Protein chains: 2
Amino acid sequence: MDNSGYYSEHHKFYVAVDCIIFGFDQDGLKLLLIKRNFEPMKGKWSLMGGFLQENESLDEAAARVLYQLTGLREVYLEQLYTYGEVERDPGERVISVSYYALIRTEDYNSDLGKQHGARWFLLDKKPPLIFDHDVMVDKALRRLRRKTRSQPIGFELLPEKFTIPMLQRLYEGIHGKKFDKRNFRKKIFQLNILKKLDEKEKSGSRKGAWLYKFDNKKYNKLEEAGMHFSI
Amino acid sequence: MDNSGYYSEHHKFYVAVDCIIFGFDQDGLKLLLIKRNFEPMKGKWSLMGGFLQENESLDEAAARVLYQLTGLREVYLEQLYTYGEVERDPGERVISVSYYALIRTEDYNSDLGKQHGARWFLLDKKPPLIFDHDVMVDKALRRLRRKTRSQPIGFELLPEKFTIPMLQRLYEGIHGKKFDKRNFRKKIFQLNILKKLDEKEKSGSRKGAWLYKFDNKKYNKLEEAGMHFSI
DNA sequence: CCAAAAGTGTTGACCGTACACCCATGA
DNA sequence: TCATGGGTGTACGGTCAACACTTTTGG
């Protein structure tokens, strides 16, 4: 089918994906950033990004870019927003589609990261980023806050076995405020999506905290029913 | 600045915007659709769209496309999602950024519409659309539902002066269900964003219903304070 | 034995929802 | 006078937020 008659009247553009990569450990909620290795803005901190290729969808491009930096596949990855200001990239006109990812820092392959000059930054200690990347991060955080308020995503950021205090610290990191632990436990347990294990995590305290696993089966049932989780 | 060394390794793509245009009148919530006038899929119903040009941002392109069809500027217009499947447009690879708009059907210039073969369709009587446009509409409706649940957008769909029963019919159209009128009034008035006028609209009933205006000043104050409106 | 984090229940305020009758008027 | 849509108030139940003390144990 030749449609060059119609389509070819129009311009073509570079299309990129940029990934806002969230991670979580005992220090708090973090972002994975890289040192940009080409001009313009070479050497500045930046989100990990890459250009869309001919044979891949946007989702595939985002997954590829994420894989290149972290060695991870099958992670939580969601499209956020598309940035198309004419001068947003001073080098060339580039349309950038942003995605955010939630990964377990423990799974992350730091050798790959080193090759890209990547580093984790606590959210509130993040350096200024190039272009409109700060805006992208801000939007990602707002989306993450909204999503975690209505669905229990965020478990993607925790190790497979986790304690309630860890989960609470995660939610506090995401929302940037403290929650009452009695109310927090109440709401989490009401959802009935955790499986209690017969193990304790003893490194965080003398007493030790019980470990839990996320119960996918129960969660999927709940999701179909259309739950609401209000932290 | 010449960056061709880096950027030019990559492919370029056609980028389009597609507009989901919502309107509202006494019949209910409607969508403005056009008959596509070029191949592939010529003659099929489609969202109004257009290709991104070299000198405009995505937001500008969406506003231009909307203006071309409706003659309206300064309408509520918000980016939704970007579609980049390789085969989504069988004619050529096109990345499409979707936007949704809320317009007053009374303001709409139907002459321009006719030139594009445009027609309003009640949401639940919409024909099947080309490509992934049905998915776009579905996503737009879900976004509209979510937004109108937390912010009183939707007033953009009403004439300047409107009655509470009209407003309720609008919200019922958006959410696809009936609300109790006492509770609806209570919640609307609690927001304190309406100005009661000294006029009645008498065409809808014998008794007549009081007309109201949306009070922008009060609304803006409220919005800063971070209100929540739960229908 | 003590410091430090884990764990546990109750109450009051507010909000959402369900529900039924009178009002004004044109025909 | 009556049919039609507009307009009004209350009571119950559930959910959210505030709040303080006991438990465990390594050092």
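Quick caveat: nothing in here was measured; it's all calculated off a predicted structure. Below, chain A is the first sequence line, B the second, and so on; all start at residue 1.
Think of the region where chain B sits on DNA chain D: with heavy atoms and a 4.0 Å cut, that region ends 5' and 3' at D/dT4 to D/dT10.
To the nearest 0.5 angstrom, A/T105 atom OG1 is 10.5 Å from A/L32 atom CG.
Among residue pairs with one or both ends in residues 104-120 of chain B, those qualifying as salt bridge (charged side-chain N to carboxylate O under 4.0 Å, His left out) are B/R104-B/D107; sequence neighbours excluded. Sorted by first then second residue, the salt bridge (charged side-chain N to carboxylate O under 4.0 Å, His left out) pairs that include residues 64-77 of chain B, not counting sequence neighbours, are B/E56-B/R64. Residue pairs meeting the salt bridge (charged side-chain N to carboxylate O under 4.0 Å, His left out) criterion with at least one partner in residues 185-207 of chain A, sequence neighbours excluded, are A/K161-A/E199. Every pair passing salt bridge (charged side-chain N to carboxylate O under 4.0 Å, His left out) that includes a residue from residues 173-182 of chain A is listed here, sequence neighbours excluded: A/E172-A/K178, A/D180-A/R182.
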Between side-chain atoms of residues 210-218 of chain B and protein atoms elsewhere (two or more places apart, or another chain), which donor-acceptor pairs fall under 3.5 Å?
| residue | atom | partner | partner atom | Å |
| --- | --- | --- | --- | --- |
| B/K213 | NZ | B/E160 | OE2 | 3.4 |
| B/D215 | OD1 | B/K217 | N | 3.2 |
| B/D215 | OD1 | B/K218 | N | 3.3 |

Which donor-acceptor pairs under 3.5 Å do the side chains of residues 123-148 of chain A make with protein atoms, sequence neighbours left out?
| residue | atom | partner | partner atom | Å |
| --- | --- | --- | --- | --- |
| A/K126 | NZ | A/D134 | OD1 | 2.5 |
| A/D132 | OD1 | A/R88 | NE | 3.4 |
| A/D132 | OD1 | A/R88 | NH2 | 3.0 |
| A/D132 | OD2 | A/R88 | NE | 2.7 |
| A/H133 | ND1 | A/L47 | N | 3.1 |
| A/D134 | OD1 | A/L129 | N | 3.4 |
| A/D134 | OD2 | A/L129 | N | 3.1 |
| A/D138 | OD2 | A/R142 | NE | 3.3 |
| A/D138 | OD2 | A/R142 | NH2 | 3.2 |
| A/R143 | NH1 | A/E78 | OE2 | 2.8 |
| A/R143 | NH2 | A/L80 | O | 3.2 |
| A/R145 | NE | A/I174 | O | 2.7 |
| A/R145 | NH2 | A/I174 | O | 3.4 |
| A/T148 | OG1 | A/L144 | O | 2.8 |
| A/T148 | OG1 | A/R145 | O | 3.1 |
| A/T148 | OG1 | A/H175 | NE2 | 3.1 |

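The main-chain N or O of B/I188 is never found under 3.5 Å from a side-chain atom of B/Q190 such that the two would form a donor-acceptor pair. With B/S57 contributing its side chain and B/E60 its backbone, the two residues share a donor-acceptor pair below 3.5 Å. Checked by atom type and distance alone, the side chain of B/Q168 never pairs as donor or acceptor with a backbone atom of B/M166 at under 3.5 Å.
Interface residues of residues 172-188 of chain B facing DNA chain C, ordered by number: B/D180, B/R182, B/N183, B/K186, B/K187; criterion, heavy-atom separation under 4.0 Å. Near-neighbour residues of DNA chain C inside residues 206-213 of chain A, defined by a heavy atom below 4.0 Å, number-ordered: A/K207, A/G208, A/A209, A/W210. Residues from residues 192-200 of chain B with heavy atoms under 4.0 angstrom of DNA chain D: there are none.
Between B/A61 and B/L52, the shortest heavy-atom contact is CB-CD1, 3.8 Å.
For A/F24, there are no ring-ring contact (aromatic ring centres under 6.0 Å, His included) partners two or more places apart in sequence or in a different chain. With sequence neighbours excluded, the residues satisfying ring-ring contact (aromatic ring centres under 6.0 Å, His included) with A/Y83 are A/Y81.
Rounding to whole angstrom units, CD of residue A/Q168 and P of C/dG7 are separated by 11 Å. Remark: P of C/dC15 and CG of B/L191 are 12 Å apart, rounded to the nearest angstrom.
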